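As the structure is a prediction and not an experimental result, all values here were calculated from the model. Along the sequence shown, residues carry numbers from 1.
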Amino acid sequence: MAKSPEEEHPIKAFGWAARDTSGVLSPFNFSRRATGEKDVQFKILYCGVCHTDLHFLKNEWGVTRYPVVPGHEIVGVVTEVGNKVDKFKIGDKIGVGCLVGSCQKCDNCANDLENYCPKQIQTYGQMYIDGTMTYGGYSDIMVVDEHFAVRWPENLPMEAAPLLCAGITTYSPLKYYGLDKSGLNIGVVGLGGLGHMAVKFAKAFGCNVTVISTSPSKEEEALKHLGADKFLLSNNPEHIQGAMNTLDGIIDTVSAVHPLLPYLGMLKPHGKHVIVGAIPQPLEMPVFPLILGRKTIAGSAMGGMKETQEMLDFAAKHSITPDVEVVAMDYVNTALERLVKSDVKYRFVLDMGKK
């Protein structure tokens with residue numbers, strides 16, 4: 001007979017879980033595995049609230065297994081290390097993002113691309129190698145293989161936890177697709193949790209940044225607060241026409257169905273349109289703009305462990321942090337309701353010690 005989540009491991013843990021597709025979270029007692037020889041145990045201090053959490057809580061992608069404890073933007077302090085751990089010591093600041101495991105054998109893993117490993121293990125909602133469910137960062141304690149943890153820079157605020165998802169999800173495509181060169185013209189579609197990080201990283205790389213949005217109210221935020229160079233309304237034909245053939249690349253962060261044709265028109269020949277928003281429905285892809293301009297539509301997901309550490313170190317060096325609203329754990333259901341309405345600039349972060 002299978003053991004209950006509270007009994008399957010020796011370390012007692014407490015978190016907040018959803019039990020059904022309502023997505024409503026409530027207190028949940030469960031357990032974490034004992035600290036193995038390559039494991040790090042840490043106290044969770046902050047955890048970001050990602051739009052992916054919403055999808056999982058409500059089983060919108062059809063893969064959720066309940067109960068689910070979300071959270072994959074996790075920062076804390078090390079409390080115990082295994083006897084073969086060499087990356088961390090007790091008292092170190094530590095971060096865990098979207099992954100807690102991979103095969104460590106395939107070509108992707110060999111090239112520090114664990115995020116593309118076909119046997120990757122997500123931080124929550126998947127079976128771990130021991131056959132038990134992974135539980136995320138909406139909780140008080142965690143145990144993780146040191147390979148899937150990153151060192152948190154001393155000069156980076158710990159509430160900047162969303163760097164571990166929103167940060168790396170936008171940093172990685174800018175780097176991989178060569179959109180990190182000073183002087184390039186980069187478009188950012190959507191100004192939310194992902195979009196505002198894309199703007200910050202692109203500006204730090206020395207790019208000229210154009211924010212493209214459906215919301216006129218975001219113009220001042222984009223230009224004055226985030227430092228974008230231009231702001232365009234995607235539903236304004238004059239704006240679109242004026243930007244034709246001006247962009248070297250686009251980071252598309254929108255997670256709802258939207259037309260690609262206007263954005264492909266904004267790209268210069270050989271330009272790249274990179275989709276990072278998780279859109280559940282198929283998009284219509286116009287072929288002629290791709291062929292006639294040798295343009296690319298591509299995708300990107302998170303980053304490997306080496307690149308995630310590189311991103312954190314870059315963020316610390318350039319003082320790049322997400323704009324967050326820090327809330328107590330028991331506010332989480334209200335935070336999720338507000339997230340559905342985009343009523344946050346730009347990420348909620350749960351403070352595990354805040355009352």
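Considering OH of Tyr116 and CG of Asp107, their distance stands at 15.5 Å, rounded to 0.5 Å. Put simply, CD1 on Ile212 and CG on Asn236 are 12.5 Å apart, with the number rounded to the nearest 0.5 Å. With rounding to the nearest 0.5 angstrom, the NZ atom of Lys119 is 10.0 Å from the SG atom of Cys109. Here the OH-OG distance, from Tyr135 to Ser31, works out to 7.5 Å after rounding to the nearest 0.5 Å. If you take SG on Cys47 and CE on Met142, they are separated by 8.5 Å, rounding to the nearest 0.5 Å. Expressed to the nearest 0.5 Å, how far OG1 of Thr210 lies from CG of Leu223 amounts to 9.5 Å.
Between the side chains of His270 and Asp248, no donor N or O sits under 3.5 Å from an acceptor N or O. A donor-acceptor pair shorter than 3.5 Å cannot be found between the side chains of Asn59 and Tyr66. Between the side chains of His9 and Thr132, a donor-acceptor pair is found at a separation under 3.5 Å.
Using a cut-off of 4.0 Å between Lys/Arg side-chain N and Asp/Glu carboxylate O, Lys84 and Glu37 are scored as salt-bridged.
Residues meeting the side-chain contact (heavy atoms from CB on, under 4.5 Å) test with Thr334, sequence neighbours left out: Tyr331, Arg338. Listed by chain and residue number, Arg19 satisfy the side-chain contact (heavy atoms from CB on, under 4.5 Å) test with Ser26 (two or more places apart in sequence, or in another chain).
Thr296 contributes no side-chain N or O that, together with a main-chain N or O of Lys272, makes up a donor-acceptor pair within less than 3.5 Å. Under the 3.5 Å distance criterion, the side-chain polar atoms of Asp92 are matched with a main-chain donor or acceptor of Lys89. Looking at Asn111, its side chain never comes within 3.5 Å of a backbone N or O of Leu113 through a donor-acceptor pair. The backbone N or O of Ile141 lies less than 3.5 Å from a partner atom in the side chain of Arg32, making a donor-acceptor pair. Between the side chain of Asn29 and the backbone N or O of Glu6 there is no donor-acceptor pair closer than 3.5 Å. Listed for the Thr134 side chain is a donor-acceptor partner under 3.5 Å among the backbone atoms of Gln122. Counting only distance, with no hydrogens or angles, the side chain of Ser215 and the backbone of Ser217 share no donor-acceptor pair below 3.5 Å. Between the side chain of Lys93 and the main chain of Val75, no donor-acceptor pair closer than 3.5 Å is present. In this structure, Thr123 contributes its side chain and His72 its backbone to no donor-acceptor pair below 3.5 Å. Between the side chain of Thr64 and the backbone N or O of Glu60 there is no donor-acceptor pair closer than 3.5 Å.
Residues Tyr138 and Val49 have side chains in contact (heavy-atom distance under 4.5 Å, counting atoms from C-beta outward). Within the 4.5 Å cutoff, side-chain heavy atoms of Lys218 are placed close to those of Phe231. Between Ile240 and Leu232, every side-chain heavy-atom pair lies at or beyond the 4.5 Å cut-off. Here the side chains of Lys268 and Asn185 are in contact, with some heavy-atom distance below 4.5 Å. Put simply, the side chain of Pro322 reaches to within 4.5 Å of the side chain of His196, judged on heavy atoms. A heavy-atom distance below 4.5 Å is not found between the side chains of Asp145 and Val100. Residues Val326 and Phe348 are not in side-chain contact: their nearest non-hydrogen atoms beyond the backbone lie 4.5 Å or more apart. In this structure, Leu45 and Lys43 have side chains that are in contact, with non-hydrogen atoms separated by less than 4.5 Å.
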- [ ] Evaluate the side chain to side chain contact (heavy atoms under 4.5 Å, CB included) criterion for residues Leu290 and Leu264: first the C-alpha distance (whole Å), next the side-chain angles of each, then the deciding distance (0.1 Å), finally the verdict.
- [x] CA-CA 8 Å; Leu290 295 179; Leu264 293 176; 4.0 Å; yes
- [ ] Start with the C-alpha gap between Val150 and Leu164, add the side-chain angles, then the distance that decides, and say whether side chain to side chain contact (heavy atoms under 4.5 Å, CB included) holds.
- [x] CA-CA 9 Å; Val150 287; Leu164 293 165; 3.8 Å; yes
TODO: For the pair Met305 and Asp112, evaluate side chain to side chain contact (heavy atoms under 4.5 Å, CB included) and give the outcome as yes or no after the intermediate values.
DONE: CA-CA 7 Å; Met305 300 313 304; Asp112 301 307; over 6 Å; no
Task: Evaluation steps, side chain to side chain contact (heavy atoms under 4.5 Å, CB included), between Glu146 and Asp86 - done: CA-CA 8 Å; Glu146 70 164 340; Asp86 53 25; 3.4 Å; yes
Task: Audit row: Asp323, Lys345, salt bridge (Lys or Arg N to Asp or Glu O under 4.0 Å) steps and yes/no - done: CA-CA 6 Å; Asp323 292 8; Lys345 288 184 178 177; over 6 Å; no
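Closest approach of Asp53 and Gly48 over heavy atoms only: OD2-O, 3.9 Å. Here the closest non-hydrogen pair linking Thr35 and Glu80 is OG1-OE1, 3.1 Å. Smallest separation of non-hydrogen atoms from Leu163 and Met311: O-CE, 3.1 Å. Residues Ser139 and Phe30 come closest through the heavy atom pair CB-CZ, 3.8 Å. Scanning all heavy atoms of the two residues, the minimum distance from Val143 to Ile11 falls at CG2-CD1, 4.1 Å. Taking both residues in full, the closest heavy atoms of Gly178 and Leu184 are given as O-CD1, 3.4 Å, listed atom of the first, atom of the second, then distance.
Taking hydrophobic clusters as Ile, Leu, Val, Met, Phe, Trp and Tyr residues chained together by side-chain heavy-atom distances below 4.5 Å, Leu267 does not share a cluster with Met244. No single ILVMFWY cluster, assembled from side-chain heavy atoms under 4.5 Å apart, contains both Ile251 and Val199. Residues Val211 and Met266 are members of separate hydrophobic clusters, defined by side-chain heavy-atom contacts under 4.5 angstrom among Ile, Leu, Val, Met, Phe, Trp and Tyr. Hydrophobic clustering, with ILVMFWY side chains joined whenever heavy atoms are under 4.5 angstrom apart, keeps Ile250 apart from Met197. Tyr46 is connected to Leu156 through a chain of hydrophobic side-chain contacts under 4.5 Å among Ile, Leu, Val, Met, Phe, Trp and Tyr, so both are in one cluster.
For Phe28 and Phe14, the gap between ring centers reaches or exceeds 6.0 Å.
The 12-atom threshold is exceeded at NZ of Lys87, counting heavy atoms of other residues, nucleotides or ligands nearer than 6.0 Å. Enclosure of atom NZ in Lys230 is not indicated, since only 12 or fewer non-hydrogen atoms of other residues, nucleotides or ligands lie within 6.0 angstrom. The environment of CG in Asp130 is crowded: more than 12 heavy-atom neighbours from other residues, nucleotides or ligands sit within 6.0 Å.
The aromatic rings of His273 and Tyr263 are tilted relative to each other, their planes meeting at an angle between 30° and 60°. In this structure, Tyr124 and Phe56 have perpendicular ring planes: the angle between them is above 60°, well past the 30° mark.
Under the side chain to side chain donor-acceptor pair (under 3.5 Å) criterion, the residue pairs touching residues 305-319 are Tyr171-Glu310, Ser172-Glu307, Gln309-Asp313, with sequence neighbours excluded.
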